[in-house]
Every structure is written in C-alpha cells, then in structure tokens.
Amino acid sequence: MKLYERKWQLIWEKEKVFEADPVKGKKKFFITFPYPYVNCSPHIGHSYTALRADMMARYNKMMGKVVLYPQAWHLTGEPLMGAAKRIMAGDDKQFQTFKKAGVPERIIPSFKDPKKMASYFIKEWDKHFHKLGMSTDWRRTFFTTRLNKCYNRFVTWQFLRLKDKKLVGKGSHPIIYCPLCDSPTGSHDRLKGENATIVEHLMIHFRMNDGTVLPAATLRPETTYGVTNMWINPEVVYVKAKVNDEEWIVSEQAFQKLGSQGYDVELVGEVKGTELIGKTVDNPVTGDSVYIFPASFVKPENSTGIVMSVPSHAPYDHMALEDLKHERRFKKKLDSIVYVHLIDSPGFDEHPAVRVCEMKGIISQQDVKKLENATSIVYRNEFHKGEMNKNCGSFAGKKVSESKEGLIKYFEKKGWGSRIYETSEPVVCRCTSQTHVKLLKNQWFIKYSNKAWKKKTLKCLSKMRIYPEEARKWFENAIKNMNAKACARKSGLGTPLPWDENWIIEPLSDSTIYMAYYVIAKYVNSGELKENNLVPEFFDYVLLNRKKKGVAKRVGVKKSLLDKIRKEFEYFYPVDMRSSGKDLVPHHLCFFVYNHVAFFPEKYWPKSISVNGWVTSEGEKMSKSLGNFLPLSVVIEEFGADATRLALFDTAEGLDDPDFRKDNAISFIKKMGRLLEEVAVLKKSKASKLDDMDKWLLARVQDRVEKTSSFLDSALNRQALQEAFHGMNSDLIKYLNTKKLNKKVLEYFFNVFARLMVPFAPHFSEELYLKLGKKVLVHNSSWPKVEKKFVNKEIQVLVDYKDALMVDVKSIQRLIKKDAIDLLTVVVASDWKNEVAECARKAVEKGKFRALIKEVMNSKVKRYGKRAAQLAQVYAKDANKIPSVILGSKKELRILGQNKNELEKLFGCKVIVELDDESGSEKAVKALPMKPSIILE
RNA sequence: GCGGGGGUGCUGGAGUGGUCAAACAGGCAAGGUUGAGGGCCUUGUGGCUUAGUGCCUGCGCGGGUUCGAACCCCGUCCCUCGCACCA
C-alpha cells in the first residue's frame, strides 16, 4: 500500500470532507448501493459496485454538489443464522471455513451468537472500506434486523403502511420440495435438475361411469377438444383415493403430489393398470365417451400418470395408436377412432403429429429421442403460430398463444379441470430422494402483481435514467412479468411481521426504501433519537409529511428536531443514483422502484439506476470451487487502493464483467509513480510564448476534459478513465518528447490532470496536487471546465497531418529499402484541388454521392475543366479518399515549414517543401489535398 | 421453454452506414537509454506490392438492401447470464 494513501484518508476524515449535511441553495447528489450481506470478509468482487458508486460520488462532489454517499450492512436472512447454528452444534466444516477465511481461531466459538459473528464481519468490512478511501459519510451507518432496535422499528413501520395500502396479502405459492428433508430444495441443494423450474399443468377430469375421476394432466388443455382415447401404463399399480370428496384414480406419486398441493386426499385402495384397460371414460369438455388403452410411454412419476390421447397433435399419441394396431384385441375399438384436427398452423394441413412422425421416420413409441423432438416441433409451431379451428367450441378462431390462460380459467370454472404443478425436469434432492412441487399455503406476499402498482412502477422506470441503457429492456421485462413475492419466512434473522410475529421479513423485502433511513440514522447514531422515539407516527411525519397535532409529544422529541429531520429528508430525497450489480436487476432493483412509488410522491421517486458486471480474476470467474477469491485485505496490501480502483475501472463498464489482473494493477502503480516524478520537469521548464505544441497540448486537454465529463455523465467508468488517464498520459508523453517545455502549459496540464483523476485515483490526485504546491485539498477544488480559449481543432489537425506525413515517409522508405535519404521533397496540392475536394465533401454530406461528379462539375470549380473532373472521378470511385478536414495549401505549407527542422532531424536529410503547380517534378501531380506527394532521393 | 447480453488481431476489448477496422490496455519482436527494486522511450506486429503514400483479404456462417455494410434487413449456428426464497 502506497504510504501516502493512509495519510490522505486521515486528512479527509479529520477535515470531514465526506460528511454531507443540507446546504441551502446548493444542489445535492444522493447515491447509494445495496448494503452488502456480511457473512464473510470482503473480497475484491464486493468492492467493485461500491467503488463505482464512489467514483460517481466524487465526480458529483467536484461538480459542486453536496454529495451523500452512505453505507450500511445487511444481516437479514438465513446464512448468518445458519452458520451460527452450525457453530453452536460444533460443526467442524463450518469452523474450518471461518478459519480459512482468516478469522482467528479463538474468536470462532463466539460465532454461535449471530450478533457476535455479524459484528466481527462488519468490523472487517468497515476496516477495508476505509482503506479503500471511500468517500462515505460514516456517521449514517447501521445494520439491519431486530438486532438493531431502531432499524427494526423502521421496517415494522414500513410493513404496517404497506398493509394499510393493501399491498401485502396472504396466499400460496409453489416450491420444489423434498418430502424426506421436509424443506424446499433450492438449486444448490440438488443432485439433478439444477435448472428445473415450476410448470403448471391442467388436469382434465375424465369420468368413468361410476363417477370416478381419471385426471389427465396436460400442458395443452386446448387439445381436450380432440381426445380420442386415454392412456394408462399397464405395468403400474395406481391408487384409488378420495380427493376433495370425489373418487380419483392416479399414480402413487401423483397422490403424494396432490396432497402437497392443497388437495384434500385420502387413500382408499389400489387399482392395477391392466384392470382399467378397455374401460371407457367421458370427456368433460366434449361429452364424448372414449376407451382406455395401454401405453408404455406413460410414466407414473409424470403428473398424474394418466394421459389423454390427441393423436392429431401429439406424436406420442399417434405412435402409441400405431403400435396398438399390431394387437388383435384392440382392433374393433381402434376402428372407431377418428383423429380430430383442432389447430391450424402454417406448414401443416391436417394432423401435424402424423405428418411430423412421417417426416422424422418414427416407427414406434420406443423411439423416444425422435418423439421428443417431434413433440417440441409441433408444440412450438402450434403455440406460437397456431389458431384454433371450428372443432374448439367457443375458442374457434382464437390464437393458441393468446387464449391459453383464458381457456384454463374457463375449464376450471366449468369444473372440467384443475391445476397441478410439475418440475420442468426431474429434480433429485441432495439426500437422493425424488422431489416434487409443494404448494406453501398461508404465506405472506407483497403484491407486485397488482396492476395499478405495476403501471405506476413502469411509469417511474420510463422517467428514470438507466445506466447502461441496454439494461432498460431487462427491467421492463422483469417488472411486466413480476408476480407476488413471498415476503416472510419462519427462520433466519430479520424483522418480525408486525401483525404475525411468527414470520420474519425476508431480505429482499426489508431493503426497498431503507435509503430514507440514512437520513434518520445520523440522528440515531448521534443519540438525538432513541428507539422509543421511533414510533410509526415519527416515520409518518418525517418521511411522509403526515402532520398530526401533538405528534412531537407522542414521539417524545422536540418538534424542531422532527422538522429538522423532515427538512433533511426533503433535501436529500430522491435517490439520484442507485448503483448495483446486474444480478439484482430482476428483483431487488425492481422492488426498490416498486416500493418507492408506493410510499412517496412522484418528486421523491428514484432518478436513476446504474448496473455493473461481476468481477473476474485473471480472466476466471471467482468461485468457491476454484478458490480464487481475492480478499480485499490482500489486494489493498499489495497494490494499494488507487491501483486497485484503476485496475477495476479500466477493464469493463456497463453490463460487462471487469477482470482484475495483477499485472494491470502493477502497471498502474508504475505509471502513477512516474507521473508523480514527472512533476519535477516543471522545475526544468520555463515560461515562454505558446508555440504549436503548447497550443496542441492545451487543446488536447480540453478534449480530454470534455470527453471524461461526458463519459462520467453516463457512468461509463472505462471510457472516462481512458480519457482522463491513458489519454492525458499519452498526450503528455508526446509533448515531453518534443523537448520544448513550457512551464505554464505543464502547470496547467498537471493541475487539470490532478482534478480529472479524483473520481478514479483520489489519493494519487491529492498527492499530485500537493506536489504542484497547492495548499488546499483537491477534493475541495472543482471539476475542470473546458476552457474555450484553448479549444483548437485546427492545431490538432495540423499535428495529425504532420504525424501522418512522417508515417508515410517511413513506410515508403521501408518499401524501397532506402536506408539513407539525401533529399526529401514534400509537394503540397494547390488550392484548386482543395476546392474540388471541398465540393466533393459537401456532395457526400448532402447524400449526393451518386451524382458526385455532376455535383462537383456544376459548381464553380468547373472553370478548372478537365483537371477538376479527373480529380472528382478519383473521389467518386472511393468516397473514403475525400478528406474530412481540408486545411488549404497555405496552412499545409505553413505546418510543414514549421516542422522542417524536425523532419530534417528525423530523416537526416535536407527537406524541401513546395506547391505542386510550382514543382518541376512529375510526381507533383499526384499531390492531393491533405495528402502531399512525397519524393525521396 | 421464456427473457436479457454477446460472437471483431496473439489476448482483453473500441468501433453500430463513408473521414477509420482494431482506439485504449496487455503480449510478442527489434532498436535506443547509467534505469539497475516487477525499468523507461521509440518502432513493428493479416497478405501482396521495390517510386509504391496503393491493392487484396478480413469483423461467427449464408443471403439481401446500398454507390458504399463489422454496423441495416432476412435466415442460421454458437457462447453467456437470469427465471423466485438463494443473498
């Protein structure tokens, strides 16, 4: 760690540089990032989002705003509690995990108390964030859950009000569940089916003569209109059960599932599959009576273990019927079957399943791979492009994709079907048992599906700036598809639901409007507010401006304090930028917007969200299995805060993942070190009149300032850094190589440079500013402005022109393998050529490239006759040859004249500069505007 | 399956209709330099071309639009991330 970093951090702290309080008449900038979950020590990935927010905070501070950049800690949820319980139980694995993470062995036993564990890790994070030199207002820090009585009161209030608004309700929701473990099986807890999702099927209630229900589950309820028969696996023993007071026949597995999914079930007996074959059932939708046939493809673990057959649209059904034709005993019954075509879709006439089976050359129902493929072709085609025909009752003429949900509801209402949940693929729990979907009942939900709320949220989103803009679609989609969210659990740390204390509010639900609490936390931490003061009325007053009489007395503080806090809220709100990792887009960041629009008037709705990628290390994803996490402590120790910041900012922006490379960090250390030494050239330099290179450097600086600012305005850290650091650096090197150092120019350069680097390498900036002899903190100076008097496009063109010439001469020299040049003649195009080029440029600008020659020759340059036409032809052939900037022969001659010495020195020969009209050389004709002819002798 | 983001040198990645393919960073190679603590600077890094400042090839693959396409359109292949109780 660079020695000077700690020095500046202490100075900032002492001078209270980052403490933000309202200043009347001054603009503010309120930026936050999600408080991190602190169940381990921080690694470099954790710091990136915080650093990006810090960059924006510092930039805005330099712009003269009061910047509030606070920081807190999230303890809500299962992991902390889980780890504490494991330590309590003497779990050695957990012990070793902590030991490996660098926790002193003697402390680990105390982690049986989650509060002790949390406070240990909070200290770790706090320490390292300080070492990173964060521009945080640390007076406002806090942590979550009931362990913090004050924050607990805040969340309690939030949920009471959410309930008042009727945005919290009870309901049920499906989860993948292991019957043996008696708990949800999260994707990390699975041996098989890690990517499985929950899919909803509809069971169609077919009935036997005695009223017994044979529920056939399907993803395609619309095909019920064309059922020709039922399928039962003859090898399977089914169960008879009482389901919601009816007699049902389903597979054993389905019986369990139904029990888990809210059906009232009771086992009655068994039925062998074979006993059902040949019997008939009635289709509730059409009233048809159909036979039950045997089929081997029917799996008992799949849905109900009973399948309806729609051979016109389902390849499996068609092939199973074909297979049956080999068996005599079904002949008569098979003869009665008529395929019913239900859905018209492009590319298929009648019976698409039959057609696809032929195309794929499928010969039996054993041909599973081909059948799966055929099924998906038919299904996809019909779902996306299909239209139901006259055989589909009241749904005739409707598109499948658009009316599916309506159809399901209609069937349910008629009592023809009911829902069952399935996993999209088999899921096996870590304990090796098969899982199924369970419906959790009586769960508390936040109703993010509420249409009016959703609409308001989308409105807010449309007014927000999203960085990068590419992420907007993702947000829109996430909000549009947002369902109600279970907001409480039975275990873990957190705040209890105020009206049902058995439930703990879960982490994604207690973290939505807490940014407002940063205002309050300052007064809690200073001791001006106590837990007892934080009654609901207090929050109503300061956050919602509900001014009831006598409130100060009931809250127990002076009214002036209440008003002060309210004023502070009004000053800092809304959140100007929420900066976060992209992984939080589909939930947390959406919830953040949702809850803000629910609680606050439009003027306090969030202004922008900035999202970023996840840090990789040396090109690889950081993961537990690779063990390549880079602890923040190690990185800061080795490279210091600034080089770490730069190495992170330099590799990616937007949604891309930044890659931390040690070499990159080292290279920044070296470059910063060299630049700090470079300041010494100031002593060697003298003030003098501005020459071309001076003007050039001054002009470049303006360009860099403008670009850095505009990239930062779009939160584009990488491009901003490229301009502010790499760009400025290479300009400086180029300038220093001309060896004509102008003290005033260099002073100006470094002064701008120091300020430009504040958002990226703040300690380096301070050190550089100090070396320049400044007596004030660079953090208290201002962001550099573009100085109009130094803006000089032409000088940049001139220098580029000269550089290009040198490159051309070198390349020719190399080409003709001429080691020593005796004479270099540079022939500049005369002005009639420039006029033609200008005409050509304008023609292209006007979009008249096609008629370029005509355009050119219709202008005043036609007086140059054939010569002009010839040049126009050259340009008409290739628009790329038309120069974008045309200096004119006078200026071309001037810049060449001024740099004659340099050219002579570089090539070690005499240099002649002349105009083509006045040159005697044959090659003179070839001189083009901005592309002089070169003659080597 | 649904939804998001992508396919460009040796690498990470710029560039979304002409000025300009490869900015910037990193490799590698050559040269220079008292720098000797992972050094700094310059030049080169697709092919062809010996008067030439040009030509050809090239931006996942196949078509198309255009005077002109990495960029726009159609098709196609591939990679990657998220899909809810995991923070």
Side-chain angles (χ1 to χ4, degrees), chain A residues 34 36-37 39 74 76-80 173-175 184 186-189 195 197-199 219 376 379-380 383 424-425 440 443 470-471 473-478 480-489 492 506-509 511 582-588 613-614 619 650-652 654-659 661-664 666-670 673-674 718-719 721-723 725-727 729-730 733 736-737 804-805 807-812 814-818 841 844-845 849-852 876-885 922-923 926-928 930-936:
Chain A
Y37 190 78
N39 65 333
H74 205 191
T76 312
E78 312 266 4
L80 266 168
H173 90 286
I175 52 150
S187 54
H188 302 290
D189 306 325
N195 296 319
T197 52
I198 293 170
V199 188
L219 276 170
S376 102
Y379 180 84
R380 252 152 62 185
F383 179 77
S424 58
E425 53 182 290
L440 292 183
Q443 297 273 302
E470 290 97 283
K473 264 192 189 169
W474 195 3
F475 276 106
E476 278 171 1
N477 231 288
K480 277 179 192 157
N481 296 324
M482 192 71 72
N483 293 323
K485 152 95 186 153
C487 62
R489 280 191 217 149
E506 62 82 52
L508 286 166
S509 301
S511 56
K582 61 182 170 186
D583 50 325
L584 299 185
V585 170
H587 34 72
H588 165 73
W614 272 107
D650 194 44
T651 54
L655 296 170
D656 295 330
D657 294 333
D659 184 28
R661 287 174 189 269
K662 291 187 176 185
D663 286 349
N664 201 7
I666 289 167
S667 143
F668 275 113
I669 292 176
K670 289 190 283 205
R674 207 199 58 239
R718 179 186 163 124
Q719 290 179 78
L721 180 61
Q722 200 171 299
E723 293 297 330
F725 191 77
H726 298 302
N729 197 9
S730 74
I733 287 169
L736 294 178
N737 283 338
L805 174 79
V807 169
D808 284 344
V809 172
K810 271 182 207 159
S811 87
I812 292 169
R814 206 169 25 247
L815 194 71
I816 64 174
K817 292 184 177 151
K818 196 175 170 75
R841 202 179 58 79
V844 172
E845 232 167 52
F849 178 84
R850 251 175 152 159
L852 187 120
K877 240 182 175 173
D878 187 357
N880 298 340
K881 288 199 173 136
I882 304 168
S884 58
V885 181
E922 276 175 45
K923 305 207 178 301
K926 289 203 164 187
L928 291 175
M930 301 305 284
K931 202 83 179 156
S933 178
I934 297 163
I935 305 163
L936 300 183

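Because the structure is a prediction, the values reported are computed rather than measured. Lettering follows sequence order; numbering is per chain, from 1.
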Atom-to-atom span, CG of A/Asp650 to P of B/rA14 - whole angstrom = 12 Å
Set of residues satisfying side chain to side chain contact (heavy atoms under 4.5 Å, CB included) with respect to A/Arg718, sequence neighbours excluded | A/Glu653
Using heavy atoms to find the nearest nucleotide of RNA chain B for A/Thr651 and A/Trp474 separately, return the residue whose nucleotide is more 5′.
-> A/Trp474
For the side chain of A/His726, starting at C-beta, report the closest nucleotide among B/rU53, B/rC24, B/rG6.
-> B/rC24
Considering all heavy atoms, the nearest A/His588-A/Ser511 contact = CE1-O, 3.1 Å
With A/Asp656, which residues qualify under side chain to side chain contact (heavy atoms under 4.5 Å, CB included), at least two apart?
-> A/Ala652
Taking only residues two or more places apart in sequence or in another chain, which ones pass side chain to side chain contact (heavy atoms under 4.5 Å, CB included) with A/Ile198?
-> A/Pro174, A/Ile176, A/Tyr421, A/Val437
Select base, sugar-phosphate, or nothing to describe what A/Asp659 touches, counting heavy atoms under 4.0 Å on all strands.
-> nothing
Give the minimum heavy-atom separation between A/Ala478 and A/Pro586, together with the two atoms involved.
-> CB-CA, 4.0 Å
Quick one: are A/Asp650 and A/Arg661 in side-chain contact, heavy atoms under 4.5 Å?
-> no
What is the distance from atom OG of A/Ser509 to atom CZ of A/Arg489, rounded to the nearest 0.5 Å?
-> 9.0 Å
What integer distance in Å separates A/Asp657:CG from B/rC79:P?
-> 18 Å
Side chain to side chain contact (heavy atoms under 4.5 Å, CB included) partners of A/Lys931, counting only residues at least two apart | A/Asp808, A/Leu928
Under 3.5 Å, which N/O atoms of the protein pair with N/O atoms of nucleotides 83-87 of chain B?
unit_1: B/rA84; atom_1: N6; unit_2: A/Asn483; atom_2: ND2; d: 2.4
unit_1: B/rA84; atom_1: N1; unit_2: A/Ala484; atom_2: O; d: 3.4
unit_1: B/rC85; atom_1: O2'; unit_2: A/Arg489; atom_2: NE; d: 2.7
unit_1: B/rC85; atom_1: O2'; unit_2: A/Arg489; atom_2: NH2; d: 2.9
unit_1: B/rC85; atom_1: O2; unit_2: A/Lys485; atom_2: NZ; d: 2.9
unit_1: B/rC85; atom_1: N4; unit_2: A/His173; atom_2: NE2; d: 3.0
unit_1: B/rA87; atom_1: OP1; unit_2: A/Arg489; atom_2: NH1; d: 3.4
unit_1: B/rA87; atom_1: OP2; unit_2: A/Arg489; atom_2: NH2; d: 3.2
unit_1: B/rA87; atom_1: N6; unit_2: A/His587; atom_2: NE2; d: 2.5

Is the shortest heavy-atom distance from the side chain of A/Pro507 to the side chain of A/Tyr37 under 4.5 Å?
-> no
Hey, could you give me the CE/CG distance between A/Met482 and A/Asn477, rounded to the nearest 0.5 Å?
-> 10.5 Å
Return the minimal non-hydrogen interatomic distance between A/Thr651 and A/Asp659, and the atom names on each side.
-> OG1-N, 3.0 Å
Integer-rounded Å distance: B/rA25 P and A/Phe668 CZ | 9 Å
Applying salt bridge (charged side-chain N to carboxylate O under 4.0 Å, His left out), name anything that partners A/Asp657, two or more places apart in sequence or on another chain.
-> A/Lys582
For nucleotides B/rA21 and B/rG15, find the distance between their P atoms and express it as a whole number of Å.
-> 16 Å
All N/O pairs under 3.5 Å across the protein-nucleotides 37-41 of chain B interface:
unit_1: B/rC41; atom_1: OP1; unit_2: A/Arg674; atom_2: NH1; d: 3.4

CZ of A/Arg718 versus C1' of B/rA23: gap in Å, rounded?
-> 10 Å
So, do A/His587 and A/Lys485 sit near enough that their side-chain heavy atoms are less than 4.5 Å apart?
-> no
Could you state the CG-P distance from A/Asn664 to B/rC24, rounded to the nearest angstrom?
-> 16 Å
Could you list the protein-to-nucleotides 17-22 of chain B atom pairs, N/O on both sides, closer than 3.5 Å?
unit_1: B/rG18; atom_1: O3'; unit_2: A/Asn880; atom_2: OD1; d: 3.0
unit_1: B/rU19; atom_1: OP1; unit_2: A/Asn880; atom_2: OD1; d: 3.0
unit_1: B/rU19; atom_1: OP1; unit_2: A/Asn880; atom_2: ND2; d: 3.4
unit_1: B/rU19; atom_1: O2; unit_2: A/Ser884; atom_2: OG; d: 2.6

Would you classify B/rG9 as syn or anti? Syn applies when the glycosidic angle is within 90° of 0.
-> syn
Quick one: A/Arg661 CZ to B/rG12 C1', roughly how many Å, whole number?
-> 6 Å
For A/His726, all residues meeting ring-ring contact (aromatic ring centres under 6.0 Å, His included), sequence neighbours excluded | A/Phe668
According to a 3.5 Å limit on both distances, what stems of 3 or more consecutive Watson-Crick or G-U pairs are formed with RNA chain B?
-> B:1-7 with B:77-83, B:10-12 with B:24-26, B:27-33 with B:39-45, B:46-48 with B:54-56, B:60-64 with B:72-76
Please tell me which of the listed nucleotides, B/rG5, B/rA23, B/rA14, lies nearest to the side chain of A/Asp656?
-> B/rA14
Say you pick atom P in B/rG13 and the same atom in B/rU8; how far apart are they, in whole Å?
-> 9 Å
Separation of the P atoms in B/rU34 and B/rA29, to the nearest angstrom | 23 Å
Does A/Gln443 have any side chain to side chain donor-acceptor pair (under 3.5 Å) partners at least two apart in sequence or in another chain, and if so, which?
-> none
Can you tabulate the close N/O pairs, meaning under 3.5 Å, that link protein atoms to atoms of nucleotides 29-33 of chain B?
none

Base, sugar-phosphate, or nothing: which does A/Pro932 touch, judged by heavy atoms less than 4.0 Å apart?
-> base
Between B/rG12 and B/rC77, how far apart are the C1' atoms? Round to whole Å, please.
-> 25 Å
Pairwise P distance, B/rU49 and B/rU53 [rounded to whole Å] | 16 Å
Quantified in whole Å, what is the P atom distance between nucleotide B/rC71 and nucleotide B/rG82?
-> 30 Å
For A/Leu736 and B/rU42, give me the distance from atom CG to atom C1', rounded to whole Å.
-> 15 Å
Taking the P atom of each, how far is B/rC56 from B/rU19, in whole Å?
-> 15 Å
Which whole-number value in Å describes the distance from A/Asn729 CG to B/rA23 P?
-> 17 Å
Is any side-chain N or O of A/Gln722 under 3.5 Å from a base N or O of B/rA23, one able to act as donor and the other as acceptor?
-> yes
Using atom C1' of each nucleotide, how far apart are B/rG9 and B/rC24 to the nearest Å?
-> 14 Å
